[in-house]
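This report concerns only the one structure given below.
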Amino acid sequence: MIQAGVGISKGADAYQAAYTAAKTAMERAGTGVNFLFVFASPALHPEDVVRGVKEAAGAVPFIGCSTAGEISNEGPSQKSIGVMAIRSDTLSFYTGIGRDIAADARTAGRSVAREVLGKAAATSSARSALRAFVMLPDVLAGNGADIVRGVADVLGAHFPIVGGAAGDDFMFEKTYEYHNDGVVSGAVMGVGLAGTATIGIGVRHGWVPIGMPMKVTRAEGAVLHELDGKPAISIYEDYFGAKAEELRKEALARLAITYPLGLKIPEYPEEYLIRDPITVNKDGSITCAAEIPEGSEVRLMIGSKEKAIDAAQDAARHLMKDFEIAKTKPSFLLIFNCIAREKLFAQKAGDEIHAIMEIVGHDVPMLGFYTYGEQAPLGGEVRNMEKCDPRFYNETVVLFAVGE
């Protein structure tokens, strides 16, 4: 049995909002809740958020983070807190934390995975075998792709890893990660799900390539210096006719919502990892929201609301295939959706959420948030584990569902 409930609350009093959301979620899940997910606006004081959740939940473990917007069955929400309560007699939850991403992102990923794996290994029950790992990293502190690599170093290169990077309401200053013992920044929270369950993952972006492919001739981490030997900003200057000075900061960020960069994946010819350009630097280099390796191929991508909705529904259909095969349905759904997608839809962001629920079912409890990066296996592959290849994304929607 797996039962979930969701509570959403707003209000200037962060403690009261958190208490109300957690209490509502637990009542809807029923007696014997095992675990909570907590996603909240940074406008709600994080210590008060944790205090309110603990007051309502008692000893029930939880992880969570600050967001760039909250998502539930009711649609997108701002300046709010969302809590999902899960109770199950077939699932176990093992939490962990990886600190100090800024010092070494990959080591932080290894640390959170080792703690989760250690807790599961210490349990002799057959329910201790991990099935999936949900991560909530702070990518303002370090390389998100390296955090994913660190987790995979411990759990395995083909282990199902999903999640979303914490946000701060599109300010890009500081995010917060929550757990039972308090609040941190610059860390990655994780929880391993173990036991008997059906899982499904959907991941799509909907952006398509335009223009000619270009080779990354110089790059350092998330800083893209040169394409085909020219300053990276030339990819936008050549297409739009604008000069680098006109594309600095806000102008480039607005363009990136519809025209991000696509990173070619050699082993998957039809796939692109989306990379979100953030700022233009004085030398014409571009700082992106995630790494772009030297020697890789990139293209300018184009998106639209229609293609984004089609992609979200494709992700939902892919996720549901696993449940159709198992002849069951999801008991709960987590959604990790890039903030750039919310900006693309503007006042109609709810259209994407509604389109997803049309496929999954409006009665399935759902919670999630708008992120600064997403994590999932390429193509949402979980049936053939040899093809399960977890990666770090931008401007992508990731869906993760669990059922009996």
Side-chain angles (χ1 to χ4, degrees), residues 101-102 104-106 137-150 165 167 170 172-173 205-269 271-303 338-341 343-344 371-375 378 391-396:
I101 290 171
D104 191 324
R106 191 159 185 165
D138 178 356
V139 299
L140 297 185
N143 187 332
D146 268 349
I147 303 171
V148 175
R149 291 188 189 102
F170 209 56
F172 297 98
E173 294 174 355
H205 54 73
W207 272 251
V208 295
I210 55 175
M212 296 299 293
M214 302 181 77
K215 185 176 181 180
V216 178
T217 47
R218 190 158 73 91
E220 295 176 86
V223 181
L224 178 59
H225 287 280
E226 292 182 356
L227 291 169
D228 287 348
K230 300 194 311 185
I233 193 59
S234 64
I235 194 171
Y236 286 98
E237 290 178 331
D238 293 347
Y239 193 84
F240 293 101
K243 297 298 182 183
E245 299 80 43
E246 301 171 39
L247 293 170
R248 296 190 189 281
K249 297 184 179 179
E250 291 83 1
L252 181 63
R254 285 196 301 270
L255 272 181
I257 291 170
T258 307
Y259 298 93
L261 298 176
L263 176 62
K264 192 71 173 174
I265 309 171
E267 60 269 43
Y268 297 91
E271 289 278 358
Y272 288 86
L273 291 180
I274 302 300
R275 290 295 182 251
D276 191 0
I278 302 298
T279 58
V280 184
N281 306 311
K282 290 182 179 180
D283 61 356
S285 63
I286 298 173
T287 298
C288 299
E291 68 174 10
I292 296 185
E294 204 166 278
S296 59
E297 179 186 299
V298 300
R299 295 180 72 173
L300 196 61
M301 311 291 282
I302 187 170
C338 183
I339 183 58
R341 298 176 72 86
K343 297 298 182 186
L344 175 68
T371 73
Y372 288 173
E374 306 76 50
Q375 303 89 59
L378 284 170
R391 298 293 181 97
F392 185 90
Y393 308 80
N394 293 133
E395 302 204 15
T396 299

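Values reported hereafter were calculated over all heavy atoms of this structure, with side chains retained and with hydrogens, waters and symmetry mates removed.
- Residues satisfying the side-chain contact (heavy atoms from CB on, under 4.5 Å) criterion with Leu344, sequence neighbours excluded, are Trp207, Ile257, Thr258, Lys305, Ala308.
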(message) Go through it in stages, so that I can follow the logic: the residues are Leu261 and Ile274, the test is side-chain contact (heavy atoms from CB on, under 4.5 Å), and I'd like the CA-CA distance, side-chain angles, deciding distance and then a yes or no.
(response) CA-CA 6 Å; Leu261 298 176; Ile274 302 300; over 6 Å; no
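- In this structure, Glu291 pairs ionically with Arg149, as a charged nitrogen and a carboxylate oxygen lie closer than 4.0 Å.
- At least one side-chain heavy atom of Pro137 sits less than 4.5 Å from a side-chain heavy atom of Gln375.
- Rounding to the nearest 0.5 Å gives a distance of 5.0 Å between CD1 of Ile210 and CD1 of Ile302.
- Here the side chain of Asn281 pairs no donor or acceptor atom with the backbone of Asp283 at under 3.5 angstrom.
- A donor-acceptor pair is defined here as one N or O able to donate and one able to accept, closer than 3.5 Å; such a pair exists between the side chain of His205 and the backbone of Tyr272.
- Of the possible donor and acceptor atoms, none in the side chain of Glu297 sits under 3.5 Å from a partner among the backbone N and O of Pro213.
- Asp238 CG to Lys230 NZ: the interatomic distance, rounded to the nearest 0.5 Å, is 4.0 Å.
- In this structure, CD1 in Ile235 is found 11.5 Å from CE in Met212, a value given to the nearest 0.5 Å.
- Asp138 and Ile101 make their closest contact through O-CD1, 3.6 Å (heavy atoms, listed as atom of the first residue, atom of the second, distance).
- With hydrogens and angles disregarded, a donor-acceptor distance shorter than 3.5 Å links the side chain of Asp228 to the backbone of Lys215.
- Among Val298, Ile292, Ile286, the one residue that satisfies the side chain to side chain contact (heavy atoms under 4.5 Å, CB included) test with Arg275 is Ile292.
- Closest of all the heavy-atom pairs between Ile278 and Ala289 is CG1-N, 3.9 Å.
- Between Ile265 and Arg391, some side-chain heavy-atom pair lies under the 4.5 Å cut-off.
- Aromatic ring centres of Tyr372 and Phe172 lie closer together than 6.0 Å.
- The heavy-atom pair separating Glu294 from Arg218 by the smallest distance is OE1-CA, 3.3 Å.
- Contact check for Thr371 versus Ile339: no side-chain heavy atoms found under the 4.5 Å cut-off.
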